[in-house]
Amino acid sequence: MNILIEGAGAIGIALGASMISQNANVSFYASQRTADKLTEGIKRIGIFNHLSFSPDSYEVYTDYNDLPEDSFDFVFVCSKTVANDDISNNLNEHRNILKEGAKIIIFQNGFGNDEPYLRYFDKDEVFCARVITGFSRPERNISEVTVHTEPILLGSLQGADIEVLKPIAEMISKSGIPSEINENLDKFLWAKMLYNCALNPLGAILGVNYGKLTENDYSIAIMNKLIEEIFNVIKAAGYSTNWDKPEEYQDIFYSKLVPDTYNHFSSTYQDISKKQKTEIDSLNGMVIKLGEKYDVDVSVNKTIYNIIKSIEADF
Ligand SMILES: NC(=O)c1ccc[n+]([C@@H]2O[C@H](COP(=O)([O-])OP(=O)(O)OC[C@H]3O[C@@H](n4cnc5c(N)ncnc54)[C@H](O)[C@@H]3O)[C@@H](O)[C@H]2O)c1
Ligand SMILES: CC(C)(CO)[C@@H](O)C(=O)[O-]
């Protein structure tokens, strides 16, 4: 099985190492800086078993024109969501690198990340994943698995047959990180959206970790309003979650989800600290887009979104 990994970052390196451990042929598309570091080999460290591979175990490309024709069975999209326009355009322009029936799997936070790819590829060619395993990259060629809550879920937001993803879920699991296919991926992605949209931007704006946001009535009031608006959007757009009412979600949010991740500083906070564009368009930005489409009040999400965009305006 030949796999192209788009984005050799924290998730990309970890999944690349996982797939190599299962005898897949892995190619990374990477920036020149990362490609240079990948000449030293790659490692997956942290929780679960450790994996280490020499540079002759994989290929690295920095130019689409060098990718071999008629090669890849799967493309794993492991970049930040801001790169989706670029990656989908490039995959379309260089379709000849894909084998007949090749599948794209998007391992990103947020909702609707398949949309840029669906401009060019069919519904049964573009899949998504829900990842709540944490990864960090202490060095450009090393990925550390830092936390793990639930299996990596693979599925479709377009109702496509997901049996084709089974070998991938099995290989990720056999590599040591639990993974499953799931018919209701939208439910799980919306659950992750509720969590990330409530916590990430507010934590970034206030410069605090997740836990701190639950320690005063003012930030709690903002998060509750964000959660309410997202529930209304989910309903209006015809999706659902495992909770009927915002209050049911808020109960588990304050009693379990946030305490379990109390010390975490959101990826939005980390992006802003590095002065790089955040994934806000795929998080609260997607809530706003759907809210406007279905005529749902999303004014608090819009205010939070506008603050993040104002901060980013200088990057
Ligand atoms: N790290 C985590 O713990 C975690 C957990 C769950 C979900 N996610 C999601 O996974 C995605 C990737 O996160 P990450 O932490 O691995 O990010 P990262 O910044 O470590 O890695 C992203 C990589 O993509 C590369 N890239 C940038 N533009 C590109 C382009 N146009 N084409 C190809 N590659 C490009 C970057 O050079 C970088 O190496 C994000 O959507 C994130 O929200 C991350
Ligand atoms: C789990 C996590 C690290 C990635 O989805 C998230 O909470 C974030 O965005 O920081």
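As the structure lists them, so they are numbered: ligands from 1, and atoms in each ligand from 1.
- Counting only N and O atoms by type, the side chains of N90 and D86 include a donor and acceptor under 3.5 Å apart.
- Of all heavy-atom pairs between S267 and K80, the closest is CB-NZ, 4.3 Å.
- The nearest heavy-atom contact from the protein to atom 21 (O) of ligand 1 is G9 CA, 3.2 Å.
- Taking any N or O of F135, backbone or side chain, at least one lies under 3.5 Å from an N or O belonging to ligand 1.
- Scanning the protein heavy atoms around atom 37 (O) of ligand 1, the nearest turns out to be S31 OG, 4.4 Å.
- Counting heavy atoms from C-beta on, the side chains of K192 and V131 never come closer than 4.5 Å.
- When Q108, E144, E279 are checked for heavy-atom proximity to atom 42 (C) of ligand 1, E279 turns out nearest.
- For the pair R44 and F53, the cation does not sit on the ring face, since its NZ or CZ is not both under 6.0 Å from the ring centre and inside 45° of the axis.
- Ring-centre distance between Y249 and F253: below the 6.0 Å cut-off.
- Distances from atom 7 (O) of ligand 2 to the heavy atoms of F265, Y269, Y210 put Y210 nearest.
- Which parts of ligand 1 touch G134 is read off a 4.0 Å heavy-atom cut-off, strictly below it: atoms 3 (O).
- Contact of the D70 side chain with the K99 side chain is registered, since non-hydrogen atoms from C-beta on lie closer than 4.5 Å.
- Proximity to A8 (heavy-atom distance under 4.0 Å) selects the following atoms of ligand 1: 39 (O).
- Ligand 2 lies within reach of S266, whose nearest heavy atom is under 4.0 Å from it.
- Donor-acceptor pairing under 3.5 Å is lacking for the side chains of Y294 and N232.
- The shortest contact between atom 19 (O) of ligand 1 and any protein heavy atom is with K80 CE, 3.6 Å.
- For I13, the heavy-atom gap to ligand 1 stays at 4.0 angstrom or more.
- One option in A129, S282, S79 has a heavy atom closer to atom 35 (C) of ligand 1 than any other, and that option is S79.
- In the vicinity of N196, heavy-atom distances shorter than 4.0 Å reach the ligand 2 atoms 6 (C), 7 (O), 8 (C), 9 (O).
- Regarding atom 36 (C) of ligand 1, its nearest protein heavy-atom neighbour is G7 CA, 5.0 Å.
- If you check the side chains of Q32 and D36, you find a donor sitting under 3.5 Å from an acceptor.
- Looking only at protein heavy atoms, the nearest one to atom 20 (O) of ligand 1 is A10 N, 2.9 Å.
- Looking at atom 4 (C) of ligand 2, its nearest protein heavy atom turns out to be N109 ND2, 3.5 Å.
- Proximity of atom 23 (C) of ligand 1 to the protein is indicated by at least one non-hydrogen atom lying closer than 4.0 angstrom.
- Residue contacts with ligand 2 for N200 involve side-chain atoms from C-beta outward but no N, CA, C or O (heavy atoms, distance under 4.0 Å).
- At a cut-off of 3.5 Å, with distance as the only test, no side-chain donor of T81 or N84 sits close to an acceptor on the other residue.
- Side chains of L67 and N96 form no contact here, defined as non-hydrogen atoms less than 4.5 Å apart.
- Looking at T261 against ligand 2, nothing comes within 4.0 Å, counting heavy atoms.
- For atom 31 (N) of ligand 1, the choice among V77, I11, D86, V147 with the nearest heavy atom turns out to be D86.
- For atom 10 (O) of ligand 1, the nearest non-hydrogen atom of the protein is F107 O, 3.2 Å.
- Near A83, meaning under 4.0 Å from one of its heavy atoms, ligand 1 places the atoms 28 (N), 29 (C), 30 (C), 31 (N).
- For ligand 1, the atoms closer than 4.0 angstrom to any heavy atom of E6 are 33 (C).
- Considering backbone and side-chain N/O of G12, none are found under 3.5 Å from N/O of ligand 1.
- Closest to atom 7 (C) of ligand 1, if we only count protein heavy atoms, is N109 OD1, 3.4 Å.
- Proximity annotation for atom 5 (C) of ligand 1: of T133, L283, I152, T133 comes nearest, heavy atoms only.
- The protein heavy atom nearest to atom 6 (C) of ligand 1 is V131 O, 3.3 Å.
- With no hydrogens or angles considered, no side-chain donor-acceptor pair links N109 and Y195 at under 3.5 Å.
- Shown in contact with Y195 at under 4.0 Å from a heavy atom are these atoms of ligand 2, numbered in order with element: 7 (O).
- Residues E279 and N200 have side chains that never bring a donor and an acceptor to within less than 3.5 angstrom of each other.
- If you run ring pair (Phe, Tyr, Trp, His ring centres under 6.0 Å) between F76 and each of Y29, F127, F107, only F107 comes through.
- Between K192, E279, H264, it is K192 that holds the heavy atom closest to atom 5 (O) of ligand 2.
- In this structure, atom 9 (O) of ligand 2 lies nearest to the protein heavy atom S267 OG, 2.6 Å.
- Using modelled atom types, one finds a donor on one side chain and an acceptor on the other under 3.5 Å when comparing E215 with Y262.
- Contact annotation: the side chain of C78 never approaches that of F28 to less than 4.5 Å [non-hydrogen atoms, C-beta and beyond].
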